[in-house]
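Throughout, residue positions are numbered sequentially from 1 according to the sequence presented.
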Amino acid sequence: MATPIQMPALSPTMKEGKLVKWLKKEGDKISSGEAIAECETDKSNLEIEAYDDGYLLKIVVPEGQMADVGAPIAWLGEKGEQVDVSKAGAPAEQKVEAPAPAAPAPAAPAPAASAPAAPPSEGIVIQMPALSPTMTEGKLVKWLKKEGDKISSGDAIAEVETDKSNLEVEAYDDGTLARIVVQEGETAKVGAPIAFLAGKGGAQVAPAAPAPAPQVAAPTPVPAPRPAAPAPAPALAPTAGARLRASPLAKRMARERGVDLSSVRGSGPYGRIVKRDIEQALAQAPTPAVARRAPAPAPGVRPEPRAVPVSSMRKVISQRMAEVKPGVPHFYLSVDVEMDAAMKIREEAKALETKVSVNDVIIKAAAMALRRYPKMNVALQGDTILHFETVDVGIAVAIEDGLITPVIRDADQKGLAAISSEARDLAERARKRALKPDEYSGGSLTVSNLGMFGIDSFIAVINPPQAAILAVGQVADKVVVRDGQMVVRKVMTVTLSGDHRVIDGAIGAEYLREFKALLEHPMRLLF
């Protein structure tokens, strides 16, 4: 009996794949473990292997088309075996085209609700898909559609909790949601029926409208899940209120390159935005689609942060990190900075009768590094990540009852003298409890300096809702090796604490590298 070859989950975050190339053609003999196709995932291009021996009877998803994880992409079976792909569940030995349109309905459609064994009149089976490589079962968190609703191929119909995260289940066919088998809160094994879809000729079980009598006969062929999307004619622009559909790779490219998906026209199946659409949007820059930098605000108006939905990958990272370190999952990176050149700035400022402290230079470097590495300039807010368009740096100030963090706004755009004057003013008014709320709220990073207390190094706790904090130790003479010789340098140890839900170690390391370079070559602070 013919069996479907399904789109496998080739990475933990993969929800769909693009068939780049078929390595076999219909009629070819296939051996278990043999590579049969090349697929583009959200991570890379990988090969799909066959799990059984047989003949490639029918290719369902042609090259260049998309398929959701778990959707049939081809059928494997005995040589010459006939395959009926009108049903997503199992290939029927009997061909569906045989019944005449006038075939009587032996069993009344109404009783269809009671038979859990899924008789043919139930229609097309919607199975619990494998949404991650290790998933064996899923919990139905929420039904997004109800019995009787019309369904289009690609519609999200339910939300499922897997071993990785909560993901949406999409329909592979058009029709009406005839019967829900697995209720909200219940669990089902991968491959088990969770609902039945009445196709164009399937039994109508919708509670609202009575089913037309002529449509009770056996189902007529329904188009295969994705392949038969009419040739990518003109790209479809998202309509107001419609669910935005984009491939994981397209979403990642848009996120990294600052492309506004809502203004991109999708050329993939059913208007899905795919890689080539993002590339085209980037090639046509400047366009409304490319919105990495918000339009220049009016003078005196500070731009609002961009709210970007948390991706599936970030959601999984957040969940995993919070399991081992509840609350805000911290990670820590430390670096030693040679401060000889930075200390000279303070001496030169003194000669000019200008007060500039080492901490002022550190704040300026922290701000400029933040501007150059905007992936650090973020904060988590519910299910969205705020990408700040301004660089606001907090400074930890010890007061009688604890700690407060006044914020220096637009610190990357201010000179050292301005930062020094503002920092002193904020610190003095903080100790007098005279700060206004807007002067100690916001920002995405804080500098906490305990060097004046003789502390060499320490680990600071992030100040929510910020995503990072720099713990700065004292500047002390230390022996370092230069050109094979031991020399004494003024060294300061800095430790970055990052919120692992929105910042990764590599991003933090790049930021610290830039921060260190700015302090060791402070002339770069001027450019």
Side-chain angles (χ1 to χ4, degrees), residues 332-373 376-377 391-398 405-406 408 411-424 426-427 443 445-460 468-498 507-527:
Y332 311 103
L333 302 171
S334 296
V335 67
D336 286 339
V337 182
E338 293 186 19
M339 294 290 290
D340 299 81
M343 297 289 283
K344 288 179 182 177
I345 291 181
R346 187 183 65 171
E347 301 306 318
E348 291 171 0
K350 264 187 191 176
L352 297 173
E353 298 184 350
T354 301
K355 289 185 177 180
V356 173
S357 68
V358 175
N359 202 53
D360 299 329
V361 181
I362 292 169
I363 292 169
K364 176 69 173 178
M368 290 193 67
L370 209 57
R371 171 62 72 192
R372 293 175 185 179
Y373 285 89
M376 282 285 299
N377 197 16
V391 177
D392 305 330
V393 177
I395 49 174
V397 177
T405 54
I408 298 179
D412 61 318
Q413 300 175 23
K414 294 176 177 175
L416 287 173
I419 289 175
S420 176
S421 174
E422 189 171 342
R424 285 200 311 274
L426 288 170
L445 178 141
T446 289
V447 173
S448 179
N449 191 340
L450 294 181
M452 66 284 295
F453 298 105
I455 301 299
D456 288 322
S457 66
F458 66 104
I459 294 174
I469 188 168
L470 287 174
V472 180
Q474 69 172 336
V475 178
D477 290 338
K478 292 185 180 179
V479 176
V480 298
V481 176
R482 288 289 174 268
D483 300 322
Q485 301 294 319
M486 290 189 295
V487 295
V488 176
R489 293 283 188 266
K490 295 192 177 298
V491 177
M492 174 183 75
T493 300
V494 178
T495 299
L496 168 72
S497 301
I507 295 172
E510 289 175 345
Y511 171 81
L512 273 187
R513 181 177 60 190
E514 180 67 16
F515 174 75
K516 172 183 169 77
L518 287 168
L519 287 176
E520 292 185 344
H521 306 281
M523 280 296 292
R524 294 180 60 188
L525 294 171
L526 305 177
F527 302 99

### Message
Tell me the closest heavy-atom pair linking L518 and M368, and the distance in Å.
### Response
CD1-CB, 3.9 Å
#### Entry: Shortest non-hydrogen separation from A365 to L525 and the atoms involved
CA-CD2, 3.7 Å
### Test item: S448 side-chain N/O and A396 main-chain N/O as donor-acceptor pair under 3.5 Å
no
### Query
How far does CD1 of I507 sit from CG of L512, to the nearest 0.5 angstrom?
12.5 Å
### Query
Can you name the residues that form a side chain to side chain contact (heavy atoms under 4.5 Å, CB included) with D483, not counting sequence neighbours?
none
### Summary
The single option from L450, V447, T495 that satisfies side chain to side chain contact (heavy atoms under 4.5 Å, CB included) with V472 is V447
### Task
Specify the closest pair of heavy atoms between K355 and R424, including all atoms of both residues, with the distance to one decimal.
CB-NH1, 3.6 Å
### Query
How many angstroms lie between CG in L370 and CG in N377, if you round to the nearest 0.5 Å?
4.0 Å
### Message
With a 4.5 Å cut-off on side-chain heavy atoms, are M376 and L496 touching?
### Response
yes
### Query
Would you call K490-D477 a salt bridge at under 4.0 Å N-O?
yes
### Message
Please determine whether side chain to side chain contact (heavy atoms under 4.5 Å, CB included) holds for the pair V361 and M339, giving the CA-CA distance in whole Å, both sets of side-chain angles, and the decisive distance to 0.1 Å.
### Response
CA-CA 10 Å; V361 181; M339 294 290 290; 5.7 Å; no
### Query
CD/E510 to CG/L333 distance, rounded to the nearest 0.5 angstrom?
11.0 Å
### Task
Rounded to the nearest 0.5 Å, what's the gap from CD1 on I363 to CD1 on I395? Could you check?
5.0 Å
### Task
For S420 and V356, work out which heavy atoms get closest and say how close.
OG-CA, 4.0 Å
### Message
Strictly below 4.0 Å, N to O, side chains only: are E514 and R371 in salt-bridge contact?
### Response
no
#### Entry: Expected output: side-chain K478 to main-chain M492 donor-acceptor under 3.5 Å
no
### Query
Between the side chain of Y511 and the main-chain N/O of A366, is any donor-acceptor distance below 3.5 Å?
yes
### Heavy-atom check, side chain of L470 versus side chain of F515, under 4.5 Å
yes
### Message
Which residues pass the side chain to side chain contact (heavy atoms under 4.5 Å, CB included) test with D336, not counting sequence neighbours?
### Response
V491, T493
### Task
Calculate, to the nearest 0.5 Å, the distance between atoms CG and CG belonging to D340 and L519 respectively.
12.0 Å
### Task
Identify the two heavy atoms, one from A367 and one from V393, that lie closest to each other, and give their separation to 0.1 Å.
CB-CG2, 3.9 Å
### Task
Report yes if the side chains of N359 and M452 come closer than 4.5 Å at any heavy-atom pair, otherwise no.
no
### Task
State, to 0.1 Å, how close P522 and A341 come at their nearest heavy-atom pair, and which atoms those are.
CD-CB, 3.5 Å
### Distance, nearest 0.5 Å, that separates CD1 of I459 from OG of S334
6.5 Å
### Query
Heavy atoms, side chains only, cut-off 4.5 Å: are T354 and L416 in contact?
no
Which side-chain N or O atoms in residues 343-350 pair as donor and acceptor under 3.5 Å with protein atoms at least two apart or in another chain?
none

